[in-house]
Structures are given as C-alpha cells and as structure tokens.
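Worksheet for the structure shown next.
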Amino acid sequence: MKQKVIIGFAVLLLLSVVFLISRDLFNSSFKSDENPTEYNIDNLKKIDSALICYKEIMQFDPGMEQVYGISVSENNSIFISGNRQVAIFNSNGTKTKTFTTDSSAHCLITDNNSIYLGIGNHIEHYNLAGEKISSWKAYSENGFITSVAVNKEIVYVADAESKRILKYNTKGELLLEIGQKDTSKGIEGFIIPSPYFEVTFGAYNDLWVVNPGKHRIENYSLSGEHQSSWGVASMQLEGFAGCCNPAHLAVLPTGEFVTYEKGLDRIKIYDPTGKFICVVAGPGSFKGESDFHCTQATLVNDLATDLNGNIYVLDAYNLVRVYAKK
Amino acid sequence: MDDKKQIKRREFINTGVRIGIGVGLGAIGVVLSTRTLSGKSVWQIDPAKCVQCGKCATSCVLEQSAVKCVHVIEMCGYCDLCGGYLRPETKELNTAAESQLCPTAAIARKFVEEPFFEYHIIEELCIGCGKCVKGCGAFGNGSLQLQVQHKLCVNCNQCAIARVCPSEAFSRVPATAPYLLKGFENKK
Amino acid sequence: MNKNARVAILIIFTSLLVFNIFGIQRFPKPEFESGYSQPETQVPSPRGAIFEYLDLAVFIGCLSLISWLVIKKRSRKGVFWLSIFSLLYFGFYRKGCICPVGSLQNISMALFNPEYSLPITAIAFFVLPLGFTLFFGRTFCAGVCPLGAIQDIFAFRPVSLKSWVQSLLGLIPFIYLGLAVLFAATGTDFIVCRYDPFVGFFRHNASFMMFAIGGILLLISVFIARPYCRFLCPYGVLLNLVSRFSKKHLSIAPSKCISCRLCEDACPFGAIDKPTGAKNKEQSNVLVKRLILYCLITPLLMGVCGWTASKYHESFAKVNFKVRLANEIMLSAKTETAQPALEVTTFRASGKAVEKLYAEAARIVDRFYIGSWFLGGFIGLVFGLTLARFTLVQYRTEYTTNKGTCFSCARCVDYCPVKE
C-alpha cells in the first residue's frame, strides 16, 4: 500500500515536471519585464513647445546615395556633397548640376564663385562648372578635414586628426596654424574626442571654432589669437551635452549661432554673446536616434544658413530640411 | 532443432540491422564532417546590433553573467564629461557616487592630466547591463561595448542570452577571433 | 513613455560608408604631455581548441573503460567509480556542455540546414556513444553520462513500476525526441539543452524553475531510479533502439543462469526480463492475430496523429523567435497596444523591412507544418509499435537483461551467485 502511494506520488511529480516544461516551452508571448538598469534620458528629450521658434518649411530628397556636407550660396543655390559627387540645387530643391569627384567630400563650402571640398586629408577647389581648379597639399598625411570656412581671400580648414585650424589663402598656401598646444602660454589646444570639429566665419567676418571636448565655441582673431569663448557643458537645454558637442555649427546673418548636438539630437539658436535663445528642432524631429554603436553616429550631417535667415539641415537619411523662423 | 533455427535467424537479423545502423551512423558522421567548422567557435555579441536591453545581465546561465562591458580604450576620448560614467540627469559636474551611472560602480576613473580622464571597467563588479554602453554610444565615441568574456563563458551549446536577445546580436564566431569589438583588432 | 524612443537603434542602412571613412582615422589619441601611456584593451582568450580534443579523448577513454568494466570485468564497483569521475569531469568541471544528449540537436540542425556548420566534437559526441552501444550495449549510460550519474547516486530506495506504467511513461522520451528534432531542424531552439534539469547543479546556477525541476527529478530518483533517463531523455531513445541490436551486452550470469531468482529485485530500472512459461500454441495464435491487427492500425494511427499534430503546427511554430516576432508585430499593428514588446520596438527601430520578416516567418511556419506531420506520424508509429510489442512474447528460460532498457550499471552482477 505504502509503495503504491510512493509510486503514485513520484509519477505525479514526474508528470508535473513534464507539464512545467511544456508550459514554459509553448508560452509564446514575449516577456515584458522592465529593465531595472535602463538608461533613460526621456526627461532630457522633452522640450517645451514654447521654446521652439522655427518651423520646417521645406524638405527635399537630393537623390544621392549618401550625403555628407551642405553649403548655401548668396543666391540661394544649395551645394551638397555625397558619395563621390557634388550636386547643386536651386532654392526649390531642383537639381541644376551634378559633377563627380575622385573621392567623397566630407564637407564643403562655397564662396559663391567656387567650391572648396574637404576630401579626406586635403582641400580640393572646384569652379561652379565642376572643373577642378586645384588640389591642395595635405597638412597631415592622416588628416581628416571636417569643416571649411571661406571669405574673400582666406580659407580656414578644421583638421580633426591634427586638431588644428589651418589658415590658407585661396591659392592653397598655408599661412597659419591655430591650436598648437602650448602650456607655457596657457594654450590648451583643441580637444577633439570624435571627428567633429567645426570652423566658421561669424557675421562680422570673425572666426569661430568649436572646441567640442570643452563644449565651447571659441572666437579667434584672424591672426589666430584666442579672444573669447562661450558655452557650458550641461545636459540641460542651455548647455551642450555629451563628450564632445556641438557637432555642427552655422552662423545666421544676424550673428546668431545655430548648433547641432549629437546624442540628444537638438538644433538650437544662441545669440552672438552665447546666450541660449530657442530651439529649432528637438530630439525626435529626425528619424532614429544618434548612437555611436549604430552605424548612425549623428542624425544631422551638416548645417547651413542663407542670407534670409533660413536654416538648412542635412539629415543623415539623405534629406534636406529647411527651417524658417516662426 | 526448431528453436536453434529461430535463434540463428534472429542472430542473422540482428547482425544485419547492426551493420545497417553502423553504416547509417558512419554516413551521418561522414556527411556532416564535410560541413564542420575548421576550428572551435564561441558566442559573441555584435556591438553594432546590440541595443543594451539589459537582458545580458539577467539571462546568462552563470550567476555572474559572462557578458561584461569592455572598454576599447583606443577609441576613448578621455572626456571629463563621460556619458558612460555620469548619470545624464546630473545638473552639476561632479564625480560623487550619486552622479555615477553604473548601478554597481564598476567604472573607475583616474585623472591623467588636464582635461583628460582614464576610465576602466572593474570586471568583478560589472554585471553586463549595458547602461554605460548606451550612455557612451549616445554621447561619446562608443568605446564601451558589451562582449562575452571568454574567461567566464562556458560556451553553452545554445546560449541562453542569445535565445532572448531582442536584436539577434548573438552569433557564433571562430575562437581564433573571439571578439567583435569595434575599433579594435583581434589579436591572437 | 515612448518605448520606441527608449529602445536604442539599429539603423543599418547605406550609411555604412560614412563609418568606413571615419573608421581609419577616427580617434586620434589626445595629446598627452604627462608621459601617460595608453593601456591595452584586455580581451582574454577562450579555452583553447586543444582542450576540446582533450575532452574528446577523455570521453573516448571513459567509453572504452566503461565498456571493458561492464563486459569483461563485470565490476559494479568500477562502473560506480567511473560514473563518479564522469560526473565530476563532464558535469562539474566541464559544466555539462557539450554532451551527447544535446548533440543530437546539432546533428538534426545540420542535417536540415545546409548552411549550419557544426563543431567536429559535436559529431563525435553524437556518434561515439551510439557506436559503442552498437557493440557493448548502453555502457555510456552506465558510467559516462553525467546526467545519469547524478541520478544514479540518489537511487536509495527504488521501487519497481508496473510494466504498463513503464511503457506508458516510456512514450514521453519519443515525443520529446520528436519535438527536439523538430525545433532543432527548424533552427528554432535547442530545447533539450534549455530544459536540461541537472546542468544548473553543474554550473551552480539556473533559473528557479530549472532548479525546481532538477530538484524534483532528484527527489523522484530516490524511488523511481533514473527518472530522466527512463522517461525523458531523448538520446536514450536512440540508445535504446540501437542497444537492442548490440553485438555484446552485459549478462546477469557470467555463464548459465541457474534461475535462482536472487537477481529478480536487483534492477532498480525494471530492466530484467524474467523467464517465461512454456510456449502455448493456442495463446500464440490469438497473439499473432492481434499483432496483425495492430500492424494494420498503425498506419491509421500515424495518419491520425500526423493530422492532429499538423493542426497544432502554428503553436509549435510560435516557439520560433522570428515567427513570434512577426506575430507580435502583426498583432500590435492591428490593436495599437500601449506598450509593444521590447522585441517589437527593437525590430521597428532597426529599419528592417517587415514584409521580409513576414515572408521568413511564413517559410518557417511552412516547415513546421511539414515537420509536425512527421512528428505526429512518428508518435503514431511509436504508439502502434508499443501496442504491437505487447503481443510479441520472447520465450526465455533465463533471467536476462532487457537489452533496450538496461543501462549496464552491473548492479545485478553482484546478486548473481554464479561467478564462473
């Protein structure tokens, strides 16, 4: 009798094991348990809609495989560099001209009569017909040019690898290097943790350089002396978040600054003294999220402005978005 | 006499089936041996696919997950304001414990020189949750990456984390190149 | 909270190009002045491949030794100590992976998926025990399998089961085997590894459920010896079938059985066949008729079971990650749920085409449809043959081990008074 009870009990246990296993196996829903160690920056992504002072007025697809840099000329022609080519569009987004280059230009700038392309470690100068005028000697063999700025006679080039701003004349003769670290003079140099290093002319023909590791935008005289700077490192809206921001910089005709930050993908406006004014587009305005683990390190590949105060955003997903003041 | 015949017949059948099974086993072995891996293979995470969902910390069959954060220091920007080290909500920059992102304080920070800091993972403390990985990817260079640490991994036939990985980031890789770190070459 | 935004992104588009450009000179080192030198990234190597072959050598050694101990030496003591060694080595030291029980999934996955390549050790671990069994019986179960060894230790007070209970429960491993092959062949999961009840003890870690299952099985082992081996182990099915045709096998008596009945209760696994009575012509006629009947209804049974299983092929298929994902995405598209699962949001964020996923899922479901017909047919066949086996009576005049179910543990040998 006792043995029968034991057998019955043991068999029951065995069947319960079978039941447990099959229930677990065929339970087909995904478990939606919360992640206790989640990295949550939703609060930082929320932006008060009252702070958004620009609206998107136009977007067009340049029809290129990949886009890297954008520049807008005085007569509102839009220049975009892409996969071994440069395309020119009129202000409606209609393609007017396209020409090929030997390799892809990561950045470009137009002085209205010609185009300067930052291709790898050197600058190539093209006329508007797409003919190469000159190819400049590289400053550093492993250089990586991330930004170019131009006025009538000077070209400034930002080389992220050598961490220098290089001053050239339009013929490509190197006139000056800015950013040489010199502790005796208290010059810290530029801190470039990732390949984002921007240079641009301000509204008053003055030189502005992003020091991304310091989260600062620095002003230099044309002879390379550091004059002033602004910008604070902060996750808050007023500051620049992350290890190295802003990733892109442009200047409006009023002298206001347009900045793009990677990480918290936001485009913001600062006044010429560096005071935060408002937001052009906040996180969530673009497709996806920028993340260095993903192939998409940034969602915005470049910024440009025109004389009317419009902001041109080169979306990493091959789209040009144009924003105007509300 | 009859019995003996029967036994003989049974033996004959047995031998026949035995040879059949033997040939079958041999055939399976031979056919499949043409499709074997040249060497050993191990589980690894593709950082490009990883979404840092936190399941690596909880789904490994080991008490201490074999998945750990690896710091590819060659990619590090040595930033003061490190997205992988500091909590994103911190208003002011300081390195107090409440500012640290890592739930187990497994990231050590060392001052190198103005303005650079070196970071390294204290492996015994790392639980492989990927919180810092996400912070570093979003705000930094992505030098922090989740990887299966082969010192710890018992190389299960079917990885328990791979089964629940939402982004199918796990795969088997050759043991001669057992890491899929970005920005870092596998050295033997 | 928008989970879509929370879950990180896998945007794998054409933008690979931009990355490649960066790849080369992406991270120039900071200009250190304090003489700081960058430490190297530490990446410990996996256990060398040579050790895999060492494991294999130990495995072959154990198989040979156990076969010798069982067939030639007939030593229960030897078998016991070797099983302890195997438990320590393959179980606690090697953490139970890879074992022949699990390897059958690698084999079926490889057989049905030409793109899958498997380690050579997996083939060896699958084929070798079967090969040894073909010659010496299930000696692998006796002293090499760590799963068997851990249960064997717990067999303190084995009770014998009624043969019909044993046969009925004995159907479970066939179903388990069928499912394991189905899931492995469709590239879905390795369920035998997933529900390996003792590997948690070997690794000192498992989920609560798996510890519970392992614990329950060990508890059962006290009374019903080796419950996993007898009523669950899918590899045991193969060994059982192969062992029936083994060339040599453990015998209770070294020479002629004297029918002393001393060994009658020796076997904790109910694997000793008693002598049968004399042939009964009349009875055997009835049995032959019944056998013919069962042989006729077996195909019918196969058809019915196959049809039934095929009705459930979608439930089987939902175990597959891709099928489940496609299902979930379809559901959440229809019924705008507040919080789609993490897997769904991850997939959406990846930018992969949902149509492609649907097509792939449909293909897997189709494979499951065919597979479940085979699974059902196989189960039907097993049912039919189990019925038919009852009608087959082998006339025995001696106490013998049942070649199919005997684990060759050699316990019975110690009970036999015949020593020469």
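Side chains included, hydrogens not; waters and symmetry mates left out as well; all remaining heavy atoms used. We name chains A, B, ... by the order of the sequence lines, and we start the count at 1 in each one. The structure displayed is predicted, hence computed values, not measured ones.
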Q) How about B:L62 and C:N205: do any of their side-chain heavy atoms sit closer than 4.5 Å? A) no

Original post:
Is it true that B:E63 and C:R203 make a salt bridge, defined as a side-chain N closer than 4.0 Å to a carboxylate O?
Top reply: no

With chain B, the option among C:F321, C:F126, C:Y36 that has the most non-hydrogen atom pairs under 4.5 Å is C:Y36

Comparing C:F32, C:Y116, C:F347 against chain B, the one with the most heavy-atom pairs below 4.5 Å turns out to be C:F32

Heavy-atom closest pair (C:P46 atom, B:A175 atom, distance to 0.1 Å) is CG-O, 3.7 Å

Bottom line for C:I107: the part with an atom under 4.5 Å from chain B's heavy atoms is both

Cut-off 4.5 Å, heavy atoms of chain B, and the answer for C:L118 is both

Of B:I21, B:V61, B:V154, the largest count of non-hydrogen pairs under 4.5 angstrom with chain C goes to B:V61

Check your understanding: Is a side-chain donor or acceptor of C:T41 paired with a backbone partner of B:I73 at a separation under 3.5 angstrom?
Key -> yes

Review point. Under the 3.5 angstrom rule, does the side chain of B:K40 hit a backbone N or O of C:R47 as a donor-acceptor pair?
Key: yes

Separation between CG (B:N157) and SG (C:C97), nearest 0.5 Å, reads 5.5 Å

Side chains of C:P39 and B:E118 in contact at under 4.5 Å (non-hydrogen atoms):
yes

Among B:R18, B:Q158, B:H150, the residue with the most heavy-atom pairs under 4.5 Å to chain C is B:R18

Turns out that what part of C:F135 lies under 4.5 Å from chain B's heavy atoms comes down to neither

When the 4.5 angstrom heavy-atom criterion is applied to C:S207 and chain B, the contacting part is neither

For B:R35 and C:A110 the tightest heavy-atom approach is NH1-O, 2.6 Å

Most contact-rich option vs chain B, by heavy-atom pairs under 4.5 angstrom, among C:L241, C:T121, C:L111, C:L134, is C:L134

Bottom line for B:V164: the part with an atom under 4.5 Å from chain C's heavy atoms is backbone

Turns out that what part of B:A160 lies under 4.5 Å from chain C's heavy atoms comes down to neither

Under 4.5 Å to a heavy atom of chain B? For C:R194 that would be side chain

Cut-off 4.5 Å, heavy atoms of chain B, and the answer for C:Q38 is both

What one should report as the nearest heavy-atom pair of B:G29 and C:I123 is CA-CG2, 3.9 Å

Requested in this report: Kindly indicate whether the side chain of B:K55, heavy atoms from C-beta on, has any atom under 4.5 Å from the side chain of C:L342.
Outcome: yes

If one checks every heavy atom of B:C153 against chain C at 4.5 Å, the contacting part turns out to be neither

Take a 6.0 Å sphere around CZ of C:F51 and say whether it holds more than 12 heavy atoms from other residues, nucleotides or ligands. no

To the nearest 0.5 Å, atom CG of B:N14 lies from atom CZ of C:R244 at 11.0 Å

Answer key: most heavy-atom pairs under 4.5 Å with chain C among B:R172, B:E11, B:Q149 is B:Q149

Chain C shares the most heavy-atom pairs under 4.5 Å, among B:V112, B:I28, B:T34, B:V70, with B:V112

ask   = Does B:Y179 reach the main-chain N or O of C:P44 with its side chain, forming a donor-acceptor pair under 3.5 Å?
value = yes

| task | Mark yes when over 12 heavy atoms from residues, nucleotides or ligands other than C:F112 sit less than 6.0 Å from its CZ; otherwise mark no. | result | no

